[in-house]
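This report refers to the structure that appears directly beneath it.
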Amino acid sequence: MAFGDKYALEVPLGESELGTVWAAKETANGRKVVIAVLEEDAPDALKAHLLALGGVLSGFTHPNVVRVFEAGTNDEGAPYLVMERLEGTSLSKRWEASPALRADRTLEIGIGIVDGLTKLHELKLPGGEPVVHGDVEPGNVILVGAPGKEVPKLIGFVLNRSAKRNDPGSRVSLATMQPLAYAAPEQASGAVTSSASADLYSAAAILFAGLTGRPPHVGSDAGSLADAIAKEAAPLFTSLRKDLTPFAATMDRALSVDPKRRYADGGALGRALRTALAMGRMVGS
């Protein structure tokens, strides 16, 4: 796998059925980067999407979204995306390694995720459709910075999408608390692959897990979990955290099965979360 003399690959960071993610360096200046490379036999539509996405994101900066430097095609004809290399840990690993975060820190992280998604959704691909993430889950949120002041950054564009989105098992990973558990009902049922509303549902599901210690839905296997997400309402927030009532109305609405009952967009959800955070701090004081 070669990129002319522009990048030097170091070690693989992960792979899926669609491609591989590498730690790499820019040969001209030694800058550390991450390169996501699609398989040469990846679907043509996905290849075109990656290149279009790279073209849009290469001029986009936001504190809660990983920076994309460029998209291109390597010497073997495989499309790739070059991103900044982040120094931090994923939210899923943070949950596994340490005690639970305080409620206010969890809300701050959630607000950062929603803010990043809000700005992403305002971007438009060449066909006019909004940019969406499509796989918002704790493993795709990197916490960067000093403990207690971490900034969440969204990663995981393109390669975390399964080629078979109607196959729940393709997205399950017990090591990250089953990423399927954070999918929106319409994704779990296979009705849509991704949308802005689904992204925001997933962000709310991450918040729910951070505040309660479990995702909104659980299941003994991928099939039963997908069924529960698609057909059952999430438990009322106060049934698990009676001490966090200021957050209940926001969480319950954001996790509605019907997308029309959720917040209209990320801006509305972000404002609701900030209000809930302010109310929680007033109650706590």
Side-chain angles (χ1 to χ4, degrees), residues 90-114 117 136-141 143 150 152 168 171-189 197-259 261-263 266 268-285:
S90 70
L91 182 57
S92 60
K93 289 182 179 177
R94 171 65 177 80
W95 282 347
E96 291 172 358
S98 307
L101 294 165
R102 298 195 320 267
D104 59 344
R105 280 297 297 138
T106 298
L107 261 292
E108 289 169 351
I109 289 170
I111 288 168
I113 295 170
V114 171
L117 289 172
V136 180
E137 51 98 352
N140 283 335
V141 177
L143 301 179
E150 303 99 332
R171 296 184 68 244
V172 171
S173 169
L174 294 177
T176 54
M177 289 180 65
Q178 292 186 306
L180 172 62
Y182 301 92
E186 58 270 29
Q187 289 176 299
S189 68
S197 181
D199 277 354
L200 296 173
Y201 178 99
S202 297
I206 289 174
L207 262 176
F208 186 97
L211 292 169
T212 67
R214 49 153 285 184
H217 296 88
V218 295
S220 57
D221 54 55
S224 63
L225 178 56
D227 241 17
I229 296 170
K231 299 175 182 177
E232 299 173 11
L236 292 176
F237 185 71
T238 51
S239 69
L240 297 171
R241 288 300 301 264
K242 292 183 175 62
D243 57 321
L244 296 179
T245 54
F247 311 137
T250 299
M251 295 304 304
D252 293 343
R253 180 177 173 183
L255 291 171
S256 295
V257 174
D258 183 355
R261 295 181 177 273
R262 300 174 201 156
Y263 290 91
L269 176 56
R271 289 190 293 274
L273 290 174
R274 285 180 167 86
T275 299
L277 178 58
M279 290 174 60
R281 283 174 169 162
M282 288 176 63
V283 171
S285 64

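In this structure, a donor-acceptor pair under 3.5 Å is absent between the side chains of Ser224 and Asp227.
Rounded to the nearest 0.5 Å, atoms CZ (Phe247) and CG (Leu277) are 6.0 Å apart. Here Leu211 contributes atom CG and Asp104 contributes atom CG; the two are 10.0 Å apart, rounded to the nearest 0.5 Å. The CD1 atom of Ile113 sits 4.5 Å away from atom CD1 of Ile206, with the distance rounded to the nearest 0.5 Å. The OG1 atom of Thr250 sits 7.5 Å away from the CG atom of Leu269 when rounded to the nearest 0.5 Å. In this structure, CZ in Phe237 is found 8.5 Å from CG in Leu207, a value given to the nearest 0.5 Å. In this structure, Gln187 CD and Tyr182 OH are separated by 14.0 Å, a value rounded to the nearest 0.5 Å.
Of the possible donor and acceptor atoms, none in the side chain of Arg271 sits under 3.5 Å from a partner among the backbone N and O of Leu273. Formation of a donor-acceptor pair under 3.5 Å by the Arg94 side chain with backbone atoms of Leu143 is not found in this model. Looking at Arg262, its side chain does come within 3.5 Å of a backbone N or O of Ser256 through a donor-acceptor pair.
When all heavy atoms of Pro235 and Leu240 are compared, the closest pair comes out as CG-CD1, 4.3 Å. Of all non-hydrogen atoms in Leu200 and Gly266, the two that sit nearest each other are CD1-N, 3.4 Å. Scanning all heavy atoms of the two residues, the minimum distance from His217 to Tyr201 falls at CE1-OH, 3.6 Å. Closest approach of Leu255 to Ala234, counting heavy atoms only: CB-CB, 4.2 Å. Nearest heavy-atom pair, Val114 versus Gly270, reported as atom, atom and distance to 0.1 Å: CG1-N, 3.8 Å. Nearest heavy-atom pair, Lys242 versus Thr245, reported as atom, atom and distance to 0.1 Å: O-CG2, 3.2 Å.
Taking the charged nitrogens against the carboxylate oxygens, Glu108 and Arg105 do have a contact shorter than 4.0 Å, which makes a salt bridge.
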